2 protein chains.
Amino acid sequence: MLEKIKTYQTFPAGSPLIHAGDDVELLSSLVEGCATISMTLEDGRVQMVGLLLPSDFIGRPGRQVAPYDITAISEVTLCSFRRRPFEVLIAETPHIGQRLLEMTLDELDAAREWMVLLGRKTAREKIASLMVILSKRLSPRGHDVHFELPLTREAMASYLGLTLETVSRQITALRRDGVIVQEGRRGITVPDLDRLIALTGDDTDGGLLA
Amino acid sequence: MLEKIKTYQTFPAGSPLIHAGDDVELLSSLVEGCATISMTLEDGRVQMVGLLLPSDFIGRPGRQVAPYDITAISEVTLCSFRRRPFEVLIAETPHIGQRLLEMTLDELDAAREWMVLLGRKTAREKIASLMVILSKRLSPRGHDVHFELPLTREAMASYLGLTLETVSRQITALRRDGVIVQEGRRGITVPDLDRLIALTGDDTDGGLLA
DNA sequence: CGCAGAGTTGATAGGCTTCAATCCTCGTGG
DNA sequence: CCACGAGGATTGAAGCCTATCAACTCTGCG
């Protein structure tokens with residue numbers, strides 16, 4: 001049934017997909033590429049509050065107005081549904097509603113983990129944490145841990161609550177210490193993931209690190 | 001039907017209500033008092049990731065293991081339901097599921113707004129933001145803006161990603177500037193709420209400030 | 001009265017930001 | 001084919017905000 005109302009769209013890198021305050025008529029699933037969720041203060045300071053990778057969902061059933069800016073940072077393909085038919089579908093199929101609640105709870109957990117990072121971690125720990133997150137989401141299973149950074153230094157800074165200079169310095173430091181190996185500007189290999197994880201400052205038992 | 005499975009319980013200030021990693025058998029609604037949601041790093045640094053005030057919900061349907069510590073910071077009264085019957089109720093009444101999704105989305109929005117605070121705001125802006133939040137939730141409507149701080153300086157520091165000394169200094173500074181008036185250690189009056197809001201750094205148009 | 005916990009205030013230090021200059025890298029066009 | 005340009009990234013120096021360490025004050029209560 002979803003088949004009937006879905007459409008695919010592709011946007012170039014840098015496209016604003018949604019602007020805070022807009023009326024949102026389309027709910028989407030990110031099929032390919034990478035986008036960011038961000039908020040801006042009065043004087044222009046920006047904080048990224050979410051990173052969207054393939055399989056992530058964009059938009060909220062039951063909410064007309066977008067609370068955040070969403071921007072493509074690589075070429076992005078979306079699979080979109082019009083709001084109304086989708087909301088009807090949810091109302092009729094409790095199972096989908098439950099799944100949506102599950103996803104929202106996961107997002108909430110991720111947001112809270114990120115609050116700990118923003119509030120209490122050092123620059124070094126922040127960078128290590130980001131690398132671990134990206135390793136888990138982008139590195140193919142089973143192989144050596146390797147991935148391409150989908151973010152510029154500026155975007156990383158925005159996500160981590162740092163400046164781009166500090167991000168650059170800390171990445172340089174991690175490379176000097178042999179914790180990561182760089183291939184070109186964006187390629188990252190992690191020779192020993194446990195060593196990287198040890199630098200995140202996270203409590204290694206307490207449940208959340210699934 | 002909820003009537004049949006609900007029980008009331010009261011806990012003294014300081015009680016740990018839930019410890020991260022625990023199996024949670026009871027879902028609750030906070031009836032009276034104030035509690036905090038917090039996470040702890042390896043070496044003991046603590047970040048509060050949520051503040052629970054009357055009418056807030058504790059626990060997640062469908063999630064057995066608690067991801068956070070929840071602690072009473074004043075005497076607290078909970079209205080609790082056993083997990084199973086409550087989950088059955090949700091499955092049978094889509095309306096409740098929708099309400100739960102609504103509440104979770106609200107929490108997510110609050111968490112993301114807090115990420116901006118933690119990542120980008122100055123100490124001054126953080127304190128001002130907290131005061132505004134507490135004004136909105138604790139000050140009786142229609143009167144002058146006045147409330148009692150439910151948090152110690154340390155708890156505020158934990159919530160704001162600061163130290164308690166910095167919190168104390170900034171509160172002193174706000175009082176010196178006449179933005180707030182203190183009555184005793186905990187009483188706060190805000191003579192001009194707009195002036196306080198102007199100090200939060202928040203963008204005053206873009207949607208989220210409902 | 002005196003103690004304990006919460007809060008305030010002061011001095012110092014450190015980590016990150018800011019400002020600035022330079023270096024890469026890659027795509028473009030002469 | 002290679003020089004050139006522009007945006008991204010790195011590196012350096014200086015300064016500021018907040019943390020840290022420490023002493024002291026206030027308040028309520030046994």
Side-chain angles (χ1 to χ4, degrees), chain A residues 12-14 34 36 41 43-47 71 73-75 117-131 148-177 180-188 199 201, chain B residues 12-14 34 36 41 43-47 71 73-74 117-131 148-177 180 182-188 199 201:
Chain A
C34 180
T36 67
L41 293 178
D43 61 0
R45 280 170 287 173
V46 176
Q47 175 65 47
T71 312
I73 57 173
S74 67
E75 184 172 283
L117 177 147
L118 292 171
R120 293 298 173 198
K121 289 188 181 180
T122 64
R124 174 68 69 101
E125 291 168 336
K126 287 178 176 181
I127 296 287
S129 300
L130 179 61
M131 294 294 172
E148 294 288 315
L149 285 172
L151 302 168
T152 64
R153 299 290 183 265
E154 184 176 17
M156 288 188 248
S158 167
Y159 203 7
L160 298 169
L162 297 170
T163 60
L164 65 90
E165 293 94 330
T166 299
V167 169
S168 181
R169 280 185 249 269
Q170 292 298 334
I171 289 179
T172 300
L174 284 183
R175 175 177 15 115
R176 262 201 312 260
D177 294 349
I180 61 173
V181 178
Q182 284 183 285
E183 283 110 32
R185 279 286 180 277
R186 296 296 188 87
I188 299 283
L199 294 177
Chain B
C34 179
T36 66
L41 293 177
D43 61 0
R45 279 170 287 174
V46 176
Q47 176 64 46
T71 312
I73 57 173
S74 68
L117 177 147
L118 292 171
R120 294 296 173 200
K121 289 188 180 179
T122 65
R124 173 68 70 101
E125 290 168 337
K126 287 178 176 182
I127 295 287
S129 300
L130 178 62
M131 295 294 173
E148 294 288 313
L149 285 172
L151 302 168
T152 64
R153 299 289 183 266
E154 184 176 16
M156 287 187 249
S158 168
Y159 202 10
L160 298 169
L162 297 170
T163 59
L164 66 90
E165 293 94 331
T166 299
V167 169
S168 180
R169 279 186 248 268
Q170 292 299 335
I171 289 179
T172 299
L174 284 182
R175 182 187 16 163
R176 261 201 315 260
D177 295 350
I180 61 173
Q182 284 183 284
E183 283 111 33
R185 280 286 181 276
R186 297 294 188 88
I188 299 283
L199 294 177

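Predicted model, so just to flag it, every value in this text is computed and none were measured. As a basis for the values below, the full set of heavy atoms in this structure was taken, side chains included, without hydrogen atoms, waters or symmetry mates. In the text below, chain A, chain B and the rest are named by the order of the sequence lines, each starting its count at 1.
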Rounding to an integer number of Å, can you tell me how far [X] [atom1] sits from [N] [atom2]?
| X | N | atom1 | atom2 | answer |
| --- | --- | --- | --- | --- |
| B/Lys121 | D/dT18 | NZ | C1' | 18 Å |
| A/Glu183 | C/dT25 | CD | P | 14 Å |
| B/Glu154 | D/dT20 | CD | P | 13 Å |
| B/Arg175 | C/dT9 | CZ | C1' | 12 Å |
| B/Leu118 | C/dC16 | CG | P | 16 Å |
| B/Ile171 | C/dG7 | CD1 | C1' | 10 Å |
| A/Arg120 | D/dA19 | CZ | P | 8 Å |

We want to know whether A/Arg169 and A/Thr172 form a side-chain donor-acceptor pair, criterion being a heavy-atom distance below 3.5 angstrom.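 Not at all, the side chains of A/Arg169 and A/Thr172 share no donor-acceptor pair under 3.5 Å.
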Taking [Y]'s backbone N and O only, do any of them form a donor-acceptor pair with [X]'s side chain (distance below 3.5 Å, no angle check)?
| X | Y | result |
| --- | --- | --- |
| A/Arg124 | A/Gln170 | no |
| B/Ser158 | B/Glu154 | no |
| A/Thr71 | A/Thr36 | no |

Per B/Gln182 side chain, nearest of listed nucleotides D/dT10, C/dT8, D/dT18: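 Among D/dT10, C/dT8, D/dT18, the one nearest the side chain of B/Gln182 is C/dT8.
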Nearest to the A/Thr122 side chain among D/dT18, D/dA9, C/dC16, which nucleotide is it?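 Of D/dT18, D/dA9, C/dC16, C/dC16 is nearest to the side chain of A/Thr122.
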In residues 156-169 of chain B, which ones come under 4.0 Å of DNA chain D, going by heavy atoms? B/Gly161, B/Leu162, B/Thr163, B/Glu165, B/Thr166, B/Arg169
Is the phosphate of D/dT11, meaning OP1 or OP2, less than 4.0 Å from a side-chain N or O of A/Thr172?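 A/Thr172 to D/dT11 OP1/OP2: side-chain N or O found under 4.0 Å.
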For D/dT10 and A/Arg153 - does any side-chain N or O of the residue sit under 4.0 Å from the phosphate oxygens OP1/OP2?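 Answer is yes, contact under 4.0 Å.
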Mind checking if A/Arg186 touches a base, just sugar-phosphate, or nothing, with heavy atoms under 4.0 Å?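 Contact class for A/Arg186: sugar-phosphate only.
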Want to settle it: does A/Arg124 or A/Arg185 sit nearer the 5' end of DNA chain C, counting the closest nucleotide to each?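 First, find each residue's nearest nucleotide; the 5'-ward one identifies A/Arg124.
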A/Gln182 atom CD, over 12 foreign heavy atoms within 6.0 Å: yes
Could you tell me the separation between the CD1 atom of A/Ile171 and the CD1 atom of A/Ile127, rounded to the nearest 0.5 Å?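 CD1 of A/Ile127 is found 5.0 Å from CD1 of A/Ile171.
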Under a 4.5 Å cut-off applied to non-hydrogen side-chain atoms, are A/Arg186 and A/Thr152 in contact? yes
